[in-house]
Amino acid sequence: MKIATYNVNGITARLPSLLRYLEEKSPDVVGLQELKIVDEKFPALPIIGAGYNVIFHGQKSWNGVAILAKKEHELSEVGRGLPGDPEDVQSRFIEGRVNDIRVGCLYLPNGNPMPGPKFDYKMTWMDRLLTKAEELVKLDEPVVLLGDYNVIPENIDAYRPDRYVFDAVFSLEAKEAYQELLQQGWTDSIRQLFPEEKIFTYWDYFRNSFARDAGIRMDHLLLNPVLSKRLQTGGVDRDVRGWEKPSDHAPTWITVND
DNA sequence: ATGACTTACCCGGTAAGA
């Protein structure tokens with residue numbers, strides 16, 4: 001079972017790439033972020049045509065998350081929106097089930113500029129995520145919490161960590177909250193598989209970043225103990241970042257035993 | 001702590017991303 005996360009940076013602009021990605025890389029499950037589209041306009045038909053079922057939680061212009069699963073799998077929605085703040089209107093979390101596996105798909109707030117209200121929102125959101133994650137990690141069922149975390153966990157996860165010292169994605173507060181997640185019992189699957197390697201999942205559109213491999217690792221697949229026992233392999237589909245009209249993120253994936 | 005690029009909005013200039 002191949003499980004992936006892919007920040008598409010606008011599903012309308014990315015639809016051709018997304019369909020090509022599904023065809024060529026054939027993930028069983030993929031969580032999408034940054035749909036930037038309302039539910040009424042979500043392109044469900046071409047995705048179903050590509051052989052996938054889909055649940056989605058959209059929003060006008062910004063945010064938006066979805067979970068796709070191949071039709072041969074059972075996909076159902078468990079819930080949408082992160083608990084803890086009824087006033088929060090941003091579509092950044094959807095929870096589903098694919099066969100026996102619980103899948104949480106998240107788009108964590110970027111938080112820039114720092115300090116400021118956006119950074120405060122990020123840290124509040126991470127607090128809420130910690131509460132939710134604490135329930136999920138203990139379940140007897142396999143759980144994956146995947147998505148764009150907007151957190152560079154460690155120095156090894158940035159081509160030049162010094163470039164990010166003023167950035168919310170590399171702030172002490174965000175890194176500490178991410179470590180708190182791991183302390184709950186979550187496994188950062190890609191880091192577990194490749195403990196020493198520089199692995200990037202995002203290259204910005206500026207300064208020819210991808211060609212220079214000036215990237216950072218912010219897209220993560222966290223596994224609870226039940227699922228981490230089943231972890232086989234993983235990687236980043238870097239070639240997708242080199243396709244025409246790419247997202248600034250590349251799909252990141254793992255495989256687990258059935 | 002700016003600029004570059006890209007996307008979405010409503011139709012050229014702003015907001016946001018990270």
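Because only heavy atoms are used, hydrogens play no part in the values below, and waters and symmetry mates are left out as well, while side chains stay in. Labels below follow one simple rule: chain letters A, B, ... track the order of the sequence lines, proteins then strands, and each chain is numbered from 1.
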Checklist entry - Using the P atom in both, what is the distance from B:dG12 to B:dG3, to the nearest Å? => result 23 Å
Checklist entry - When you look at A:Asp204 and A:Ser209, which way does the side-chain hydrogen bond (donor to acceptor under 3.5 Å, both in side chains) test go after all the steps? => result CA-CA 6 Å; A:Asp204 73 27; A:Ser209 295; 2.7 Å; yes
Next on the checklist: Under a 4.0 Å threshold between the charged nitrogen and the carboxylate oxygen, would A:Arg102 count as salt-bridged to A:Glu95?
Outcome noted: yes
Next on the checklist: From the set B:dC9, B:dA18, B:dC5, return the single nucleotide nearest to any side-chain atom of A:Tyr205.
Outcome noted: B:dC5
Item to check | Closest to the A:Arg14 side chain, choosing from B:dG3, B:dG17, B:dT7 | outcome: B:dT7
Item to check | Nucleotide nearest A:Ser61 (side chain, heavy atoms from C-beta), chosen from B:dA8, B:dT7, B:dA18 | outcome: B:dA8
Next on the checklist: Between B:dC10 and B:dC5, how many Å separate the two P atoms, rounded to a whole number?
Outcome noted: 26 Å
Next on the checklist: Rounding to an integer number of angstrom, what distance separates B:dG13 and B:dA4 when you compare their P atoms?
Outcome noted: 16 Å
Checklist entry - With rounding to whole Å, what would you report as the distance between B:dT2 and B:dT7 at their P atoms? => result 23 Å
Item to check | Given B:dA16, B:dA18, B:dG17, the nucleotide with the shortest approach to the side chain of A:Arg92 | outcome: B:dG17
Checklist entry - Taking atom P of B:dA18 as reference, at what distance in whole Å does atom CD of A:Gln33 sit? => result 10 Å
Next on the checklist: Between A:Lys198 and A:Asp213, does any NZ, NE, NH1 or NH2 come within less than 4.0 Å of an OD or OE carboxylate oxygen?
Outcome noted: no
Next on the checklist: Using a 4.0 Å heavy-atom cut-off, does A:Phe210 contact any base of the nucleic acid, only the sugar-phosphate backbone, or nothing at all?
Outcome noted: nothing
Item to check | Residue-phosphate contact under 4.0 Å: A:Asn9 side-chain N/O, B:dT7 OP1/OP2 | outcome: no
Next on the checklist: What is the distance, to the nearest angstrom, from the CZ atom on A:Phe42 to the P atom on B:dA8?
Outcome noted: 14 Å
Next on the checklist: Less than 3.5 Å apart, any donor N or O on the side chain of A:Tyr178 or A:Asp188 sitting next to an acceptor on the other?
Outcome noted: yes
Checklist entry - Which part of the nucleic acid does A:Asp204 contact within heavy-atom distance under 4.0 Å: base, sugar-phosphate only, or nothing? => result nothing
Item to check | Candidate nucleotides B:dA4, B:dA16, B:dA8, ranked by approach to the side chain of A:Arg207 - the nearest | outcome: B:dA4
Item to check | Residue A:Phe206, side-chain heavy atoms: nucleotide from B:dA18, B:dC10, B:dC5 that is nearest | outcome: B:dC5
Checklist entry - Touch check for A:Asn63, heavy atoms < 4.0 angstrom, all strands: base, sugar-phosphate only, or nothing? => result nothing
Item to check | Between B:dT6 and B:dC11 - P atom distance, rounded Å | outcome: 24 Å
Next on the checklist: For a quick test of reading the model: is some side-chain N or O of A:Lys60 closer than 4.0 Å to OP1 or OP2 of B:dC10?
Outcome noted: yes
Next on the checklist: Please determine whether a side-chain nitrogen of the Lys or Arg among A:Arg230 and A:Asp100 lies less than 4.0 Å from a carboxylate oxygen of the Asp or Glu.
Outcome noted: yes
Item to check | A:Phe166-B:dA1 aromatic stacking (under 5.5 Å, under 30°) | outcome: no
Checklist entry - Would you say a side-chain N or O of A:His249 is under 4.0 Å from OP1 or OP2 of B:dA18? => result yes
Checklist entry - Looking at A:Lys36, does any N or O in its side chain come under 4.0 Å of the phosphate oxygens OP1/OP2 on B:dA16? => result no
